[in-house]
Amino acid sequence: MTVLVVVEHDRGRMVDASLEAFVFADSIAAQLGTRVEALLIGADSLGLADECAAHGAATVYHVADPLLRDYGPDAYGATVAAAGTALSP
């Protein structure tokens, strides 16, 4: 089991809520004796992989598709659900 942070960003710039999520995830992971992983969604998020690692993500997953270029709750929700199933964090 791992702790998965779904990284929120605005056109490739990580938002403050994601930074807070990494702090919380690190605390939970330490309590569980596991590691933090990150999920980046959208082509313009790939540049955030190093930033995720700097904030404690041991593994960074990236999903890109033309349908994910702009945020849409249905598409993003389906992506997060599929990642949760495939990765079993």
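All values reported here derive from a predicted model rather than from experimental measurement.
Residues satisfying the side-chain contact (heavy atoms from CB on, under 4.5 Å) criterion with Ala43, sequence neighbours excluded, are Ala64.
Closest of all the heavy-atom pairs between Leu39 and Ala83 is CD2-CB, 3.7 Å. The minimum heavy-atom distance linking Cys52 with Val7 is given by the pair SG-CG2, 3.7 Å.
At least one side-chain heavy atom of Leu68 sits less than 4.5 Å from a side-chain heavy atom of Val63.
Under the 4.5 Å side-chain heavy-atom criterion for grouping Ile, Leu, Val, Met, Phe, Trp and Tyr, Ile41 is not connected to Val60 through any hydrophobic cluster.
Counting only residues at least two apart or in different chains, side-chain hydrogen bond (donor to acceptor under 3.5 Å, both in side chains) contacts with residues 41-58 comprise Ser45-His62. Evaluation of the side-chain hydrogen bond (donor to acceptor under 3.5 Å, both in side chains) test over residues 65-82, restricted to residues two or more places apart or in two chains, returns Arg11-Asp70.
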Could you tabulate the donor-acceptor pairs under 3.5 Å formed by side-chain atoms of residues 12-33, not counting sequence neighbours?
{"unit_1": "Ser18", "atom_1": "OG", "unit_2": "Glu8", "atom_2": "N", "d": "2.6"}
{"unit_1": "Ser18", "atom_1": "OG", "unit_2": "Glu8", "atom_2": "O", "d": "3.0"}
{"unit_1": "Ser27", "atom_1": "OG", "unit_2": "Gln31", "atom_2": "NE2", "d": "3.4"}

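Of the inter-residue distances, the one linking Leu4 atom CG with Glu37 atom CD reads 6.5 Å to the nearest 0.5 angstrom.
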